[in-house]
Every structure is written in C-alpha cells, then in structure tokens.
Amino acid sequence: MTFVFTSDVDFVSDDIVEFAYKSFESLPLTVFITGKSKYLSKAFTQNPLWEVEPHPNFCCGSTHG
C-alpha cells in the first residue's frame with residue numbers, strides 16, 4: 001500500500017507544519033519542500049527515515065526555478 005501526503009509549507013506558521021508532519025515521524029518520507037521550516041530542517045537532520053528534495057516553481061517569472 002502506498003500513501004501520498006502533499007502539502008505546501010511556505011504560507012503557514014511553523015507550528016502548523018509541525019502539527020501536520022508529527023504524525024509521520026515513524027514513516028519513511030520524502031518531502032519536496034516548497035519553503036522554509038525550522039521544524040522540518042531539524043527533523044531532516046534527526047530523522048533517518050526522512051529525506052528532503054527541492055520543489056522548484058518553473059512558472060514564468062518565478063525566482064524558484
């Protein structure tokens with residue numbers, strides 16, 4: 001069984017990001033990050049089950065590509 005969870009973290013507080021991701025701490029997870037989060041930065045260094053990858057925005061005019 002495969003489970004997919006997707007979220008944007010660039011428009012919410014870090015408290016909400018932590019609330020959303022806490023329930024996944026025991027699962028292997030690849031997070032395609034769309035913004036900065038102190039909680040996720042810490043989690044990526046402490047949780048060997050998690051990995052982070054960039055999620056660029058390739059739309060015209062974006063500075064994230």
Participant: If you group Ile, Leu, Val, Met, Phe, Trp and Tyr by side-chain heavy-atom gaps below 4.5 Å, do Phe19 and Phe24 land in one group?
Facilitator: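 Phe19 does not cluster with Phe24.
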Participant: If hydrophobic clusters are built by linking Ile, Leu, Val, Met, Phe, Trp and Tyr wherever their side-chain heavy atoms come under 4.5 Å apart, do Val12 and Ile33 end up in the same one?
Facilitator: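 In one cluster with Val12: Ile33, yes.
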Participant: Can you tell me how far CG of Leu40 sits from NZ of Lys42, rounded to the nearest 0.5 angstrom?
Facilitator: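 So the NZ of Lys42 and the CG of Leu40 are separated by 12.0 Å.
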Participant: Would you give the length of the straight line joining atom OG of Ser13 to atom CD of Glu18, rounded to the nearest 0.5 angstrom?
Facilitator: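 So the OG of Ser13 and the CD of Glu18 are separated by 10.0 Å.
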Participant: Are the side chain of Asp14 and the backbone N or O of Tyr39 linked by a donor-acceptor pair below 3.5 Å?
Facilitator: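 Yes.
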Participant: Would you please name every residue forming a side-chain hydrogen bond (donor to acceptor under 3.5 Å, both in side chains) with Ser23, sequence neighbours left out?
Facilitator: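 If we apply the side-chain hydrogen bond (donor to acceptor under 3.5 Å, both in side chains) test to Ser23, skipping adjacent residues, there are no hits.
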Participant: Work out which heavy atom in Asn47 is nearest to a heavy atom in Glu25; give both atom names and the distance.
Facilitator: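 For Asn47 versus Glu25, the nearest heavy atoms are ND2-O, 2.8 Å.
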Participant: Tyr21: what forms a ring pair (Phe, Tyr, Trp, His ring centres under 6.0 Å) with it, not counting sequence neighbours?
Facilitator: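 Partners of Tyr21 under the ring pair (Phe, Tyr, Trp, His ring centres under 6.0 Å) test: Phe5.
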Participant: Are Phe44 and Val31 packed together at the side-chain level, in the sense that at least one heavy-atom pair is separated by less than 4.5 angstrom?
Facilitator: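 Touching, per the 4.5 Å side-chain cut-off.
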Participant: To check you understand the geometry: which heavy-atom pair defines the closest contact between Leu49 and Leu27, and what is its length?
Facilitator: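 Looking at all heavy atoms of both residues, the closest pair is CB-O, 3.7 Å.
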